[in-house]
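Structure, as structure tokens:
Everything numeric here is computed off the predicted structure, so don't read it as measured data. The figures here come from the full heavy-atom set of this structure, side chains too, leaving out hydrogens, waters and symmetry mates. Letters go in sequence order (proteins before strands), and every chain restarts at 1.
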Number of protein chains: 2
Amino acid sequence: MVNQHATAATKARILDAAENLFADNGFRGTTLRAITTKAGVNLAAVNYHFGSKEDLLAAVLDRRLGPLNRQRLAKLDQVLAAAAKTGRLPAPRDILHAFFEPTLRFRESEPGARACITIITRAITSAETIVRDEFLKQIEPMGRRLLAAMQAAYPGLPSHKLYMQTRFCLAAMQPLMMEDNMARMAPPDFKLPHELDRQLDILLDFCCQGLGNNHD
Amino acid sequence: MVNQHATAATKARILDAAENLFADNGFRGTTLRAITTKAGVNLAAVNYHFGSKEDLLAAVLDRRLGPLNRQRLAKLDQVLAAAAKTGRLPAPRDILHAFFEPTLRFRESEPGARACITIITRAITSAETIVRDEFLKQIEPMGRRLLAAMQAAYPGLPSHKLYMQTRFCLAAMQPLMMEDNMARMAPPDFKLPHELDRQLDILLDFCCQGLGNNHD
DNA sequence: GTCTATAGATTGATAGAC
DNA sequence: GTCTATCAATCTATAGAC
């Protein structure tokens with residue numbers, strides 16, 4: 001029988017180190033040596049426990065995106081169920097809130113989560129095929145559900161317009177997902193609102209006004 | 001005296017090859033061998049003509065961003081001058097149009113320009129320090145001017161809110177700057193409007209409604 | 001200016017002892 | 001499971017012939 005405690009601890013240390021290094025330096029910019037040194041484990045440990053560097057990336061993403069997506073889906077289902085109960089269309093603001101709020105809350109929950117959010121913020125535009133593909137695999141069902149909810153909220157709208165606007169909303173979240181990115185180009189006196197809910201309000205106001213009445 | 005024709009042609013071929021490869025595979029994912037092979041020049045040519053791989057990246061960005069930024073600034077100045085002449089506040093839509101329109105038009109002007117737009121779309125969130133820094137160096141004056149114009153358009157608005165909203169607008173442009181990105185997660189029947197002006201309208205409608213009346 | 005050849009450093013991965 | 005040692009395959013950059 002294997003030493004499960006040692007295994008679990010070593011794997012976790014590797015995941016933590018890799019997560020932070022991938023966030024700071026990207027996938028290609030991070031070496032197995034950097035990861036294992038930071039984790040305080042042997043160079044061979046990554047290949048022993050995960051198989052390869054690519055499989056390690058998949059594990060890094062999976063560990064965080066699994067729970068996060070379950071949260072987002074639960075909130076979304078709640079919104080849709082509540083709307084169905086009252087016989088009204090679901091509110092776009094509630095739908096977007098079900099996606100944005102868990103994401104930004106999760107980001108503040110733990111340094112590792114913050115690092116992972118940095119990785120996935122980059123992932124959609126990444127030139128690193130593995131990062132992009134692994135992220136898309138994890139996000140696709142969520143994206144489909146979100147889009148379906150938006151279509152339910154705007155039954156009359158041409159689907160291409162709704163899809164574009166939904167993508168604009170998701171893209172608009174990017175500066176809040178990468179705070180140091182937000183800091184770049186900021187005027188010298190800029191202070192991001194300290195309260196997460198305030199940040200969320202400003203983003204949701206922007207997106208929902210952007211979506212507008214939208215029944216033209 | 002050097003052979004200026006040969007030099008200019010070789011440099012251009014290297015720039016073209018590098019631009020496309022950086023767009024496809026990122027900076028780190030592109031080797032000098034791949035660049036020189038694609039350009040049909042010798043491996044040593046990059047270091048001879050540009051000094052280093054990093055200096056080549058700077059040259060790739062500079063060649064396109066120089067003219068593009070001049071276009072954007074000229075349009076922005078036009079908007080501000082026209083507003084000053086009539087004594088009215090500049091219209092947010094005109095300001096954003098001065099930034100968005102040259103960008104997306106430029107992207108359609110030439111395959112190389114399209115590749116370069118892909119590079120700069122990724123640059124703001126890039127984990128590759130050189131890409132990010134080189135881009136920021138080129139975009140910073142433009143960003144400052146844009147933000148100043150937005151402040152002129154919304155004189156009463158708290159500056160942190162205006163800055164955030166402006167960043168949301170810039171981020172929202174991302175899906176239109178990377179078309180294949182837009183295609184990912186799209187519903188099977190999705191067709192991006194063929195006309196650039198139509199794409200622009202949808203984006204500008206979204207952003208300007210998002211910015212809203214905004215004098216609270 | 002262009003070329004070949006190669007230096008010098010790093011990389012992901014693995015074999016095999018413990 | 002952990003370790004050392006190492007392989008084979010990269011890479012950027014450059015020296016020096018033409």
| message | List the residues meeting salt bridge (Lys or Arg N to Asp or Glu O under 4.0 Å) with A/Lys75, not counting sequence neighbours, and say none if there are none. | response | A/Glu101

| Between C/dG16 (P) and A/Tyr48 (OH): distance, integer Å | 17 Å

| task | Can you figure out which of D/dA13, C/dG1, C/dT14 approaches the side chain of A/Ala44 most closely? | result | C/dT14

| said: Please report the interatomic distance CZ(B/Arg72) to CG(B/Asp77), rounded to the nearest 0.5 Å. | reply: 14.0 Å

| query | Aromatic rings B/Phe27 and B/Phe22: how do their planes relate, parallel, tilted or perpendicular, breaks at 30° and 60°? | reply | tilted

| field | Contact nearer the 5' end of DNA chain D, comparing A/Ala6 with B/Leu32 | value | A/Ala6

| request: To the nearest Å, give me how far apart CG (B/Asp55) and P (D/dT14) are. | output: 11 Å

| task | Over 60° means perpendicular and under 30° means parallel, so classify the ring planes of B/Phe206 and A/Phe168, tilted if in between. | result | tilted

| field | Distance in angstrom units between A/Ile14 CD1 and C/dA13 P, rounded | value | 13 Å

| query | How is A/Thr36 classified with respect to the nucleic acid when contacts are heavy atoms under 4.0 Å: base, sugar-phosphate, or nothing? | reply | nothing

| With a 4.5 Å limit on heavy-atom distance, are the side chains of B/Phe50 and B/Leu15 in contact? | yes

| What nucleotide among D/dT2, C/dA13, D/dT4 has an atom nearest to a side-chain atom of A/Asn42? | D/dT4

| query | D/dA13, D/dT6, D/dG1: which one has an atom nearest the side-chain heavy atoms of B/Lys53? | reply | D/dA13

| field | Minimum-distance nucleotide to B/His49 side chain [options: C/dA13, C/dA5, C/dT2] | value | C/dT2

| message | Using whole Å, what does the distance between atom P of nucleotide D/dC7 and atom CZ of A/Arg33 come to? | response | 13 Å

| query | If each of A/Gly40 and B/Phe27 is mapped to the nucleotide of DNA chain D with the nearest heavy atom, which maps nearer the 5' terminus, i.e. the 5' end? | reply | A/Gly40

| query | Does A/Thr10 place a side-chain N or O at less than 4.0 Å from the phosphate oxygens OP1/OP2 of D/dT2? | reply | yes

| query | Atom CD of A/Glu54 to atom P of C/dT11: distance rounded to whole Å? | reply | 17 Å

| request: In whole angstrom, give the distance that lies between atom CZ of A/Arg13 and atom C1' of D/dG1. | output: 14 Å

| query | Whole Å only: how far is the CG atom of B/Leu56 from the P atom of D/dA13? | reply | 10 Å

| request: Could you tell me the separation between the CG atom of B/Asn47 and the C1' atom of C/dA5, rounded to a whole number of Å? | output: 15 Å

